[in-house]
A.B. asks: 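If you scroll down you'll find the structure; I have some questions about it.
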Amino acid sequence: MPHAELWQRHRQVMPSWMQLYYDEPIELVRGSGRRVTDGEGREYLDFFGGLLATMVGHDIPEITEAIRAQAGRLLHSSTLYLIRSQVELAERIAKLSGLSDAKVFFVNSGTEAVETALLLATQRRRSHQVLALRGSYHGRSFGTVGATGIRGWSATALSPLAVTYVHSGYRYRSPFGHLDDAAFVAACADELRTMIETSTAGDVACLLAEPVQGAGGFATPPEGFFPAMKAVLDDYGILLISDEVQSGWGRTGRSFFAMPGFGVTPDAITFAKGLGNGVAIGGVVAPAGLMDCLGANSISTAGGNPLATAAGVATLDYLLSHDLQANADKVGEHLMTGLRAIAEGCPLVGEVRGMGLMIGVELVVPGTREPAVAATLRVLEAARQRGLLIGRGGLHGNVLRVTPPMTVTVAEADEALTVLREALTTVERTEENA
């Protein structure tokens with residue numbers, strides 16, 4: 001079926017607020033490794049990975065066979081019964097988390113994972129007051145939208161939480177951005193303490209933080225930021241929840257979960273997306289004292305179901321046995337170096353940032369820091385026309401998101417860099433002649 005016909009049908013039955021990429025949206029129908037094919041037979045190099053969910057790559061035999069084998073036995077039983085693969089996956093995640101006496105609760109998505117973590121923290125602290133980072137994105141449910149710090153993703157001002165937003169460590173547009181790293185970190189920590197003292201009643205439940213902000217355009221704080229913030233939180237007994245829905249599983253290259261890579265042990269970690277390599281799964285890992293604080297019964301009908309956890313076990317096995325964290329570090333550094341070289345000759349690029357295979361390219365009107373939103377859309381389109389799929393994010397929607405599956409090769413990175421150089425150059429020339 002032609003894309004235009006499917007798009008017309010989509011518009012008839014899908015909400016208008018469901019965002020689609022490209023002037024003429026495409027359907028992806030097949031994938032292998034880091035390549036996908038659309039419904040009209042065009043092949044692309046996939047450097048977005050289904051919004052980071054296709055963490056290992058498309059049609060990985062070890063993962064596909066594990067899913068197929070489980071589907072042939074049992075698809076569902078609910079958490080009212082023992083699920084062997086769920087227990088096995090929880091044991092591995094608990095160990096890998098680095099948290100003491102850790103327990104795991106599985107759900108179906110990152111949104112549900114964050115909701116669960118908020119439930120635990122607010123119950124443990126007996127407070128609905130929450131701190132969140134500016135520029136954050138935590139999900140699409142009522143509570144997680146309330147904790148999201150990007151206007152474009154905040155569907156309502158109503159919320160079950162009392163949220164106070166604090167500095168995220170994003171320097172490019174920060175009023176503290178002119179300071180050196182040490183002074184910048186000190187200013188952010190001082191501001192956090194001031195916000196607690198002046199904008200809350202004191203008994204705050206938690207700070208919810210993405211170590212590297214996803215939808216926020218891969219804003220990456222300097223070294224020392226999270227240790228300084230954690231020191232302030234500890235003074236008030238405030239819990240730290242690390243939202244690792246996008247940054248987990250070694251994608252940042254430096255650590256299995258990103259927050260410990262900054263030298264901080266959080267009180268809970270949320271995860272989702274890549275663990276199932278495209279199969280829906282999410283969860284929370286936390287010490288028993290926090291996880292067991294609920295006084296009422298709770299289950300998850302489909303969370304941690306046999307199919308999803310079989311996919312999770314296979315994905316985790318593949319990830320560890322192939323040392324994909326090291327590959328993310330190596331290829332991510334190669335991409336970052338290449339993108340920064342492109343940026344030197346491209347005034348359209350304001351900043352290249354990120355960690356590992358979480359890379360953001362912020363586009364601005366040349367000679368300014370004004371967000372180049374229209375140009376970002378044109379670069380996204382130009383890259384697609386040349387056979388490369390990437391994403392878009394940022395506070396203003398002006399950041400290219402480069403997030404290939406963690407099996408990506410250096411040769412594929414070079415191919416993507418060639419396309420991005422051409423796309424950026426073409427759009428920049430168009431802007432100059434407009």
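Sequence positions, counted from 1, serve as the residue numbers for this chain.
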A.B. asks: Output, in order, the C-alpha distance, side-chain angles, deciding distance and verdict of side chain to side chain donor-acceptor pair (under 3.5 Å) for Asp414 and His334.
C.D. replies: CA-CA 9 Å; Asp414 285 337; His334 184 78; 2.6 Å; yes

A.B. asks: When you look at CD of Glu62, are more than 12 heavy atoms from neighbouring residues, nucleotides or ligands closer to it than 6.0 Å?
C.D. replies: yes

A.B. asks: Within a reach of under 6.0 Å around CZ of Arg340, are more than 12 heavy atoms found that belong to other residues, nucleotides or ligands?
C.D. replies: yes

A.B. asks: Under a 4.5 Å cut-off applied to non-hydrogen side-chain atoms, are Ile83 and Asn305 in contact?
C.D. replies: no

A.B. asks: Is the backbone N or O of Leu339 less than 3.5 Å from a side-chain atom of Arg421, with the two atoms forming a donor-acceptor pair by type?
C.D. replies: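 No, the answer is negative, given that no donor and acceptor are paired below the 3.5 Å cut-off.
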
A.B. asks: Do you see a donor-acceptor pair shorter than 3.5 Å between the side chains of Thr64 and Asp59?
C.D. replies: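 A donor-acceptor contact under 3.5 Å links the two side chains.
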
A.B. asks: Output yes when Glu362 and Arg173 qualify as a salt bridge under the 4.0 Å nitrogen-oxygen rule, no when they do not.
C.D. replies: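 Looking at Glu362 and Arg173, the cut-off is met.
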
A.B. asks: Exactly one of Ile281, Thr54, Val245 should register a side chain to side chain contact (heavy atoms under 4.5 Å, CB included) with Lys273. Which one does?
C.D. replies: Val245

A.B. asks: For Ser141 and Glu115, test the side chains for any donor-to-acceptor distance below 3.5 angstrom and give the result as yes or no.
C.D. replies: yes

A.B. asks: Taking the six-membered ring for Trp and the single ring otherwise, decide whether the centroids of His167 and Phe184 are under 6.0 Å apart.
C.D. replies: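 That pair passes the under 6.0 Å test.
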
A.B. asks: Got a donor-acceptor contact below 3.5 angstrom from the Ser97 side chain to the Leu99 backbone?
C.D. replies: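 Looks like yes, one N/O pair under 3.5 Å.
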
A.B. asks: Report the C-alpha separation of Val408 and Phe47 in whole Å, then their side-chain angles, then the decisive distance to 0.1 Å, and conclude whether the side-chain contact (heavy atoms from CB on, under 4.5 Å) test is met.
C.D. replies: CA-CA 9 Å; Val408 65; Phe47 265 46; 3.6 Å; yes

A.B. asks: Quiz question: by atom type and distance under 3.5 Å, do the side chains of Thr270 and Asp243 form a donor-acceptor pair?
C.D. replies: yes

A.B. asks: Any sub-3.5 Å donor-acceptor pair from Ser242's side-chain atoms to Glu244's backbone N or O?
C.D. replies: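 Absent.
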
A.B. asks: So, Arg34 side chain and Asp46 main chain: donor-acceptor pair closer than 3.5 Å or not?
C.D. replies: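 Not a single qualifying donor-acceptor pair exists.
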
A.B. asks: Nearest 0.5 Å, please: how far is CG in Leu335 from CD1 in Ile359?
C.D. replies: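 Interatomic distance, Ile359 CD1 to Leu335 CG, rounded to 0.5 Å: 4.5 Å.
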
A.B. asks: Treating Ser136 as the side-chain partner and Gly149 as the backbone partner, does any N or O pair qualify as donor plus acceptor under 3.5 Å?
C.D. replies: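 Judged by distance alone, yes, a pair lies under 3.5 Å.
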
A.B. asks: With side-chain contact (heavy atoms from CB on, under 4.5 Å) as the test, would you mind laying out the steps for Phe218 and Leu400 before giving the verdict?
C.D. replies: CA-CA 9 Å; Phe218 296 142; Leu400 304 175; over 6 Å; no

A.B. asks: Distance from Met358 atom CE to Thr403 atom OG1, nearest 0.5 Å?
C.D. replies: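 So the gap between those two atoms works out to 8.0 Å.
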
A.B. asks: Check Asp38 with Arg30, please: is the shortest side-chain N to carboxylate O separation under 4.0 Å?
C.D. replies: no

A.B. asks: Using a 4.5 Å cut-off on heavy atoms from C-beta on, say whether the side chain of Met195 contacts that of Tyr165.
C.D. replies: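 When only atoms from C-beta onward are counted, Met195 and Tyr165 do not touch, as no gap falls below 4.5 Å.
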
A.B. asks: Begin from the C-alpha positions of Ile342 and Leu417 and carry the test side-chain contact (heavy atoms from CB on, under 4.5 Å) through to its verdict.
C.D. replies: CA-CA 8 Å; Ile342 293 171; Leu417 287 169; 4.2 Å; yes

A.B. asks: In sequence, state the C-alpha distance, the side-chain angles, and the governing distance for Leu120 and Cys293, and then conclude on side-chain contact (heavy atoms from CB on, under 4.5 Å).
C.D. replies: CA-CA 7 Å; Leu120 294 172; Cys293 74; 4.2 Å; yes

A.B. asks: Decide whether a cation-pi geometry holds between Arg384 and Tyr22; the criteria are a distance under 6.0 Å from NZ or CZ to the six-membered ring centre and an angle within 45° of the ring axis.
C.D. replies: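 The answer is yes; both the distance and angle limits are met.
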
A.B. asks: Does Tyr318 offer a backbone N or O that forms a donor-acceptor pair with the side chain of Ser321 under 3.5 Å?
C.D. replies: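 Side chain of Ser321 to backbone of Tyr318, a donor-acceptor pair under 3.5 Å: yes, one is there.
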
A.B. asks: If only atom types and distance count, is the side chain of His3 paired as donor or acceptor with the main-chain N or O of Gly39 below 3.5 Å?
C.D. replies: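 Yes.
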
A.B. asks: Would you check if the side chain of Asn108 reaches a backbone N or O of Ala280 as a donor-acceptor pair within less than 3.5 Å?
C.D. replies: no

A.B. asks: Using the six-membered ring of Tyr170, assess whether NZ or CZ of Arg134 lies under 6.0 Å from its centre and within 45 degrees of the ring axis.
C.D. replies: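 Arg134 over Tyr170 ring: no.
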
A.B. asks: With rounding to the nearest 0.5 angstrom, report the OG to CE distance, Ser247 to Met259.
C.D. replies: 8.0 Å

A.B. asks: Taking atom NZ of Lys230 and atom CG of Asp234, what is their separation to the nearest 0.5 Å?
C.D. replies: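 Taking NZ in Lys230 and CG in Asp234, the distance rounds to 3.5 Å.
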
A.B. asks: Is there side-chain contact between Lys103 and Val285, with heavy atoms separated by less than 4.5 Å?
C.D. replies: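 The answer is no, as the side chains (C-beta and beyond) never meet within the 4.5 Å cut-off.
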
A.B. asks: Closer than 4.0 angstrom, basic N to acidic O: yes or no for Glu223 and Arg254?
C.D. replies: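 Looking at Arg254 together with Glu223, the answer is yes, because their closest N to O distance falls below 4.0 Å.
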
A.B. asks: Could you tell me whether Glu381 and Arg392 make a salt bridge, using a distance below 4.0 angstrom between a side-chain N and a carboxylate O?
C.D. replies: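 No.
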
A.B. asks: So, Arg125 and Asp203, do they make that salt bridge, N to O below 4.0 Å?
C.D. replies: no

A.B. asks: I'd like to know if Asp267 pairs up with Arg124 as an ion pair, taking the criterion as any Lys NZ or Arg NE/NH1/NH2 lying under 4.0 Å from an Asp or Glu carboxylate oxygen.
C.D. replies: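 Judged by the 4.0 Å cut-off on N to carboxylate O distance, Asp267 and Arg124 do not form a salt bridge.
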
A.B. asks: Would you name the heavy atoms of Ala121 and Ile241 that are closest together and state the gap between them?
C.D. replies: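 Scanning both residues, the minimum pair turns out to be CB-CD1, 3.9 Å.
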
A.B. asks: Measuring only between side-chain heavy atoms, which start at C-beta, is Thr252 closer than 4.5 Å to Phe257?
C.D. replies: no

A.B. asks: Does Arg171 pair with Asp181 as a salt bridge, N-O distance under 4.0 Å?
C.D. replies: yes

A.B. asks: With no hydrogens and no angle check, is any side-chain donor or acceptor of Arg386 less than 3.5 Å from a backbone partner on Ala382?
C.D. replies: yes

A.B. asks: Please name the pair of heavy atoms, one in Phe262 and one in Thr220, separated by the smallest distance, quoted to 0.1 Å.
C.D. replies: CZ-CG2, 4.5 Å

A.B. asks: Are Glu412 and Thr409 linked by a side-chain donor-acceptor pair shorter than 3.5 Å?
C.D. replies: yes

A.B. asks: Strictly distance-based, threshold 3.5 Å: is any side-chain N or O of Ser255 a donor or acceptor partner for the main-chain N or O of Gly261?
C.D. replies: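 Flag set: sc Ser255 to bb Gly261 pair under 3.5 Å.
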
A.B. asks: At their closest point, which heavy atom of Ala311 faces which heavy atom of Ile67, and how far apart are they?
C.D. replies: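 Shortest heavy-atom separation between Ala311 and Ile67 comes out as CB-CG1, 3.8 Å.
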
A.B. asks: Distance check, rounded to the nearest 0.5 Å: Asp23 atom CG versus Gln385 atom CD?
C.D. replies: 8.5 Å

A.B. asks: For Thr376 versus Val399, what's the shortest heavy-atom pair and its separation?
C.D. replies: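 Smallest interatomic distance, heavy atoms only, reads CG2-N, 4.1 Å.
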
A.B. asks: Is the number of heavy atoms from other residues, nucleotides or ligands within 6.0 Å of CZ (Arg140) greater than 12?
C.D. replies: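 Incorrect, the count does not exceed 12.
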
A.B. asks: How long is the straight-line distance from CZ of Phe105 back to OG of Ser298, given to the nearest 0.5 Å?
C.D. replies: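 It comes to 4.5 Å.
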
A.B. asks: For the residue pair Val352 and Ala343, what are the closest heavy atoms and their distance?
C.D. replies: CG2-CB, 4.1 Å

